[in-house]
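No experiment lies behind these values; they were computed from the predicted model shown. Counting starts at 1 for both ligands and their atoms, in listed order. Just the heavy atoms: all of them, side chains too, but no hydrogens, waters or symmetry mates, feed the values below.
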Amino acid sequence: MLGPPGAGKGTQAALLAKAIGIPHVSTGEMLRANVADETELGKQAEEIMAKGDLVPDELVTAMLLERLKESDAVCGYLLDGYPRNPAQAGALEAALGADCIELAIAIEVPEEELISRLLGRSEEQGRADDSEETIKNRLDVYSSETAPLIDYYEGRSALVSVDGHGAVDEVFTRVAKALAE
Ligand code: B4P
């Protein structure tokens with residue numbers, strides 16, 4: 001599941017994984033759990049995440065590959081937030097094979113709406129990286145590091161784009177339709 005911060009990828013990935021019956025694997029959630037548990041990885045990631053920068057590829061990739069070894073991921077997985085740049089896409093393929101991503105779903109939302117959703121979440125949940133300054137950096141990091149993955153998967157005929165504007169259930173209907181086509 002690809003998309004800028006606030007596009008709803010975590011929200012849609014959770015719904016879709018439940019509907020298909022495969023695990024929802026969110027690197028952002030896993031990193032936040034490591035921060036909360038004060039693990040060695042969490043200590044290394046905390047400051048980087050609070051600034052809205054990407055945690056080093058080798059740390060995130062090692063964490064993800066360990067997760068994908070668990071028995072619930074044997075028949076498939078829905079990745080949310082990984083790969084985050086072409087180097088991570090390459091690392092995943094090197095570890096799991098060229099066909100490890102069957103389909104990339106890109107959720108598209110205009111920037112003004114992204115900012116208003118994330119500021120709304122900041123009020124509701126107080127996530128450390130939802131401050132106005134950090135949101136701007138996360139959007140810049142998305143444009144420079146993650147957006148090139150859209151062309152990467154499009155070039156492999158493995159991309160579907162979904163309009164992420166509107167209510168959560170409306171977007172989910174579009175995601176499900178795109179998958180069925
Ligand atoms: P993530 O957890 O992936 O954070 P995110 O990009 O903000 O997406 P998220 O899934 O939380 O938000 P969503 O769009 O669903 O990453 C956090 C940080 O972890 C990164 O900045 C980075 O530091 C690190 N990280 C993670 N993966 C990494 C990797 N692979 N490599 C390196 N570093 C990595 O939703 C946003 C809000 O919008 C929610 O409040 C939601 O309720 C709301 N919303 C969703 N759909 C909506 C709708 N249709 N209408 C209105 N609101 C909606």
| Given Leu118 and Asp129, is the side-chain contact (heavy atoms from CB on, under 4.5 Å) satisfied, shown in steps? | CA-CA 9 Å; Leu118 292 169; Asp129 58 350; over 6 Å; no
Assess [X] for proximity to ligand 1: is some non-hydrogen atom of it under 4.0 Å away?
| X | answer |
| --- | --- |
| Gly166 | yes |
| Glu113 | no |
| Glu170 | no |
| Ile48 | no |

Looking at [atom], what's its closest protein heavy atom, distance included?
| atom | value |
| --- | --- |
| atom 33 (N) of ligand 1 | Val55 N, 3.1 Å |
| atom 4 (O) of ligand 1 | Arg127 NH2, 3.2 Å |
| atom 14 (O) of ligand 1 | Gly8 N, 2.7 Å |
| atom 15 (O) of ligand 1 | Gly10 N, 2.8 Å |
| atom 42 (O) of ligand 1 | Thr11 OG1, 4.1 Å |
| atom 46 (N) of ligand 1 | Arg117 NH1, 3.6 Å |

Check each of [options] against [atom] and report the one with the nearest heavy atom.
| atom | options | value |
| --- | --- | --- |
| atom 22 (C) of ligand 1 | Leu64, Leu31, Asp53 | Asp53 |
| atom 12 (O) of ligand 1 | Gln88, Arg121, Lys9 | Arg121 |
| atom 2 (O) of ligand 1 | Glu29, Gln12, Arg32 | Arg32 |
| atom 20 (C) of ligand 1 | Met63, Arg84, Met49 | Arg84 |

Taking distance alone, with no angle check, do [X] and ligand 1 share an N/O pair under 3.5 Å?
| X | answer |
| --- | --- |
| Pro4 | no |
| Val171 | no |
| Pro83 | no |

| request: Report, as yes or no, whether the 6.0 Å neighbourhood of atom CD on Glu111 holds more than 12 heavy atoms from other residues, nucleotides or ligands. | output: no
Tell me if a side-chain donor or acceptor on [X] pairs with a main-chain N or O of [Y] at a distance below 3.5 Å.
| X | Y | answer |
| --- | --- | --- |
| Thr27 | Gly81 | yes |
| Arg127 | Arg121 | no |
| Arg84 | Glu145 | no |

| Is the shortest distance from a Lys or Arg side-chain nitrogen in Glu66 or Lys69 to a carboxylate oxygen in the other one below 4.0 Å? |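 Yes.
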| field | Ionic contact status for Arg67 with Glu70, cut-off 4.0 Å | value |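 Yes.
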Do [X] and [Y] share a hydrophobic cluster, counting only Ile, Leu, Val, Met, Phe, Trp and Tyr and linking them when any side-chain heavy atoms are less than 4.5 Å apart?
| X | Y | answer |
| --- | --- | --- |
| Leu16 | Tyr77 | no |
| Ile22 | Leu79 | no |
| Tyr142 | Val109 | no |
| Met49 | Leu54 | no |

Can you list the ligand 1 atoms lying under 4.0 Å from a non-hydrogen atom of [X]?
| X | result |
| --- | --- |
| Thr27 | 26 (C), 27 (N), 28 (C), 30 (N) |
| Pro5 | 6 (O), 7 (O) |
| Arg138 | 5 (P), 7 (O) |
| Ala167 | 49 (N) |
| Val60 | 29 (C), 30 (N), 31 (N), 32 (C) |
| Val168 | 46 (N), 47 (C), 48 (C), 49 (N) |

| query | Counting heavy atoms only, which part of Met30 comes closer than 4.0 Å to ligand 1: side chain, backbone, both or neither? | reply | neither
| message | Residue-level breakdown please: for Gln125 versus ligand 1, do any non-hydrogen atoms fall below 4.0 Å on the side chain, on the backbone, on both, or on neither? | response |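 The answer is neither; Gln125 stays 4.0 Å or more away.
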| said: If I compare all heavy atoms of Val162 with all of Ala178, which pair ends up nearest, and what's the gap? | reply: CG2-CB, 3.9 Å
| field | Minimum heavy-atom distance Gln12-Met1, with the two atoms named | value |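 Of all heavy-atom pairs spanning Gln12 and Met1, the closest is C-CE, 4.0 Å.
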Residues 89-100 side chain polar contacts: donor-acceptor under 3.5 Å, at least two apart:
unit_1 : atom_1 : unit_2 : atom_2 : d
Glu93  : OE1    : Tyr152 : OH     : 3.3
Glu93  : OE1    : Arg156 : NH1    : 3.3
Glu93  : OE1    : Arg156 : NH2    : 3.4
Glu93  : OE2    : Tyr152 : OH     : 3.0
Glu93  : OE2    : Arg156 : NH1    : 3.0

Which atom pairs, one a donor and one an acceptor, fall under 3.5 Å between side chains of residues 164-171 and the rest of the protein, sequence neighbours left out?
unit_1 : atom_1 : unit_2 : atom_2 : d
His165 : NE2    : Glu113 : OE1    : 3.1
Glu170 : OE1    : Ala167 : N      : 3.2

